[in-house]
Amino acid sequence: MTGPTITRRALCAGLAAAAVARPAFASPASELTARKASVQIAPEGYPATEVWSYDGTIPGSLIRARQGARLQRRLVNALDVPTSVHWHGIRIDNAMDGVAGLTQDPVAPGAVFDYDFALPDAGTYWYHAHTNSMEQVARGLSGPLIVDEPEAPDVDRDEILMLDDWLLDPETGGFIEPIGHPMMMSHGGRTGNLVGVNGRYDFALTSRRHDRLRLRLINAANARIFVLRLQGMVGWTVALDGMPLDTPEALAGEIILAPAQRIDLIVDVIAEEGEPAGLLMQQDDDGWVALADMTISGSSARAARPAPKALPPNPRTDLPELAGARQLEMAMEGGAMAGMESAVFEGQRLGLRELASRGQFWALAGQAGRSDTPFASLSRGETVRLRLTNETVFPHAMHLHGMHFREIRADGSLGPLRDTILSLPQVPLEIAFASDNPGKWLFHCHMLAHAASGMTTWIEVA
Ligand code: C2O
Ligand code: CU
């Protein structure tokens, strides 16, 4: 179910631009306020959108701190629904992970919650609501979280590009309701009819020829898998999901960024003044379209530069000891066109119809939704191999809280550290991680409609 497409250029002559009142609202730096706001997401000429935001903007306030520092933020809940904040990708104290009903109680309207945790790793992260995430993230509750290395890499500029999409009614500017339509839940999830960067459909950068930039791409969309390409730039991948690669990898071909994934690029601008440059995205019917334009003016004096060095490694990123690892298996089932027979939901085995009537369409290891007992109870320090079999006809962005993992590739080698990995239909996938962070950790699909309708489980590390 998708709405009518909203074009980059406003064509609806009849719709006067709504005056957007932005109330003066000074949120102290130590606070993060979840509140409603009216924001012009759609192009001028369409009405503004009533969003749920952090500090009144889309995306929410940039939170930036140094590696090794503590992050302290008081969440002020000025919404009229309970909420909580998850710090996606941070190896965090379990009590600060923000998962309502598992690691904390939801924060009631009018109440506050003090988040206070260490930042062991540098990198590109993000934060988002983790109470009824499908709805709260779709309505705007997410923002970038950057942890800076003690010494920044040698680049001319460091740019954050938070990619997102919104499913809007072009007549009213409001979100198309309901947020979680059963059709979206049982298919690919909620995909927007308007795509943008940093809350803008026309986000653009300017730079000089031969500039070297660090681009931090964050996929904050509920369900969209971005397929991207650079134009007028050459580049290297230097980090995935916050974690530096051992060696920068020259970009060749497309960049695939699943929901919740991040990629840090170092790029050199090769386009000349007047030549097209920017970030392109693949769109089913239209081929490649601009997601972010880059205007080139002038030229940097530093023309030829050697390939970038690797970012400094984060602590505790050694390879998991696979010999003697505990082997776990998890079937991913359900969704449209896959014929799941039954699953356990709230302690009862239910058939497809009963599951659907309770809003459940998916299962992980035979279980729909979070159970009272964890999928696995692990001891601290043990290595775990988890084999995922995707028996659905959809891709899923599987995310583990609290710990990063590596893919065990078909040839037995280990992939880079990640916190979210794309599982493709019928393609076997195996990950390994050292279970070294005690607590209760979610493992779920980051297509948030899937997570809300069955694809959520959890593990416990003693
Ligand atoms: Cu990005 Cu469970 O979340
Ligand atoms: Cu999914």
Side-chain angles (χ1 to χ4, degrees), residues 59-60 83-92 94 96-104 106 124-138 141-145 162-164 180 184-191 218-225 241-242 257-262 330-338 340 360-365 368-370 388-405 418-427 429 439-459:
T83 192
S84 59
V85 181
H86 171 55
W87 313 89
H88 185 117
I90 303 290
R91 289 192 291 131
I92 203 168
N94 193 243
M96 295 289 126
D97 200 38
V99 180
L102 188 70
T103 66
Q104 69 168 93
T124 302
Y125 304 95
W126 64 302
Y127 63 96
H128 61 80
H130 220 306
T131 301
N132 188 10
S133 330
M134 171 180 61
E135 174 172 22
Q136 297 197 359
V137 175
L141 287 168
S142 67
L145 168 57
M162 200 148 174
L163 282 43
D164 207 342
M184 297 173 191
M185 292 181 146
S186 59
H187 289 73
R190 184 181 173 95
T191 310
I218 304 170
N219 184 350
N222 271 47
R224 180 182 296 267
I225 301 168
D241 296 350
L257 204 63
Q261 289 187 325
R262 287 89 63 214
M330 185 182 287
M332 302 158 60
E333 296 176 88
M337 300 168 282
M340 173 169 74
Q360 302 297 307
F361 299 99
W362 309 88
L364 294 175
R370 206 161 77 205
L388 296 162
T389 49
N390 182 345
E391 295 165 12
T392 80
V393 303
F394 293 91
H396 302 283
M398 302 307 295
H399 168 49
L400 177 63
H401 285 216
M403 290 161 286
H404 279 62
F405 53 78
R418 300 215 73 146
D419 60 45
T420 306
I421 194 162
L422 188 60
S423 155
L424 298 174
Q426 310 304 324
V427 180
L429 178 65
K440 298 174 172 179
W441 303 109
L442 279 193
F443 182 65
H444 65 89
C445 179
H446 225 288
M447 275 84 172
L448 296 172
H450 295 174
S453 61
M455 280 205 151
T456 300
T457 186
W458 62 288
I459 59 168

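First listed ligand is number 1; within each ligand, the first listed atom is number 1.
- Partners of Trp126 under the ring pair (Phe, Tyr, Trp, His ring centres under 6.0 Å) rule, at least two apart in sequence or in another chain, are His88, His128, His446.
- Protein-derived N/O/S atoms nearer than 2.8 Å to the Cu ion (ligand 2) total 3, waters excluded.
- Shortest non-hydrogen contact noted between Met134 and Ala449 is SD-CA, 3.6 Å.
- Residues that satisfy the ring pair (Phe, Tyr, Trp, His ring centres under 6.0 Å) test with His404, not counting sequence neighbours, are absent from this structure.
- Within the protein, the number of N/O/S atoms found under 2.8 Å from atom 2 (Cu) of ligand 1 is 3.
- For Arg224 (side chain) and Asn222 (main-chain N/O), no donor-acceptor pair under 3.5 Å exists by modelled atom type.
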| task | Show your reasoning for whether side-chain contact (heavy atoms from CB on, under 4.5 Å) applies to Asn219 and Thr420. | result | CA-CA 11 Å; Asn219 184 350; Thr420 306; over 6 Å; no
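- With ring centers used as reference points, His401 lies under 6.0 Å from His444.
- At distances below 3.5 Å, at least one donor-acceptor pair connects side-chain atoms of Thr131 with backbone N or O atoms of Ser84.
- Summarising the geometry of Ala452 relative to Gln360, their closest heavy-atom pair is O-NE2, 3.8 Å, with the distance given to 0.1 Å.
- Using the six-membered ring where Trp is involved, His187 and Phe394 have ring planes that are perpendicular, over 60° apart on the 30 and 60° scheme.
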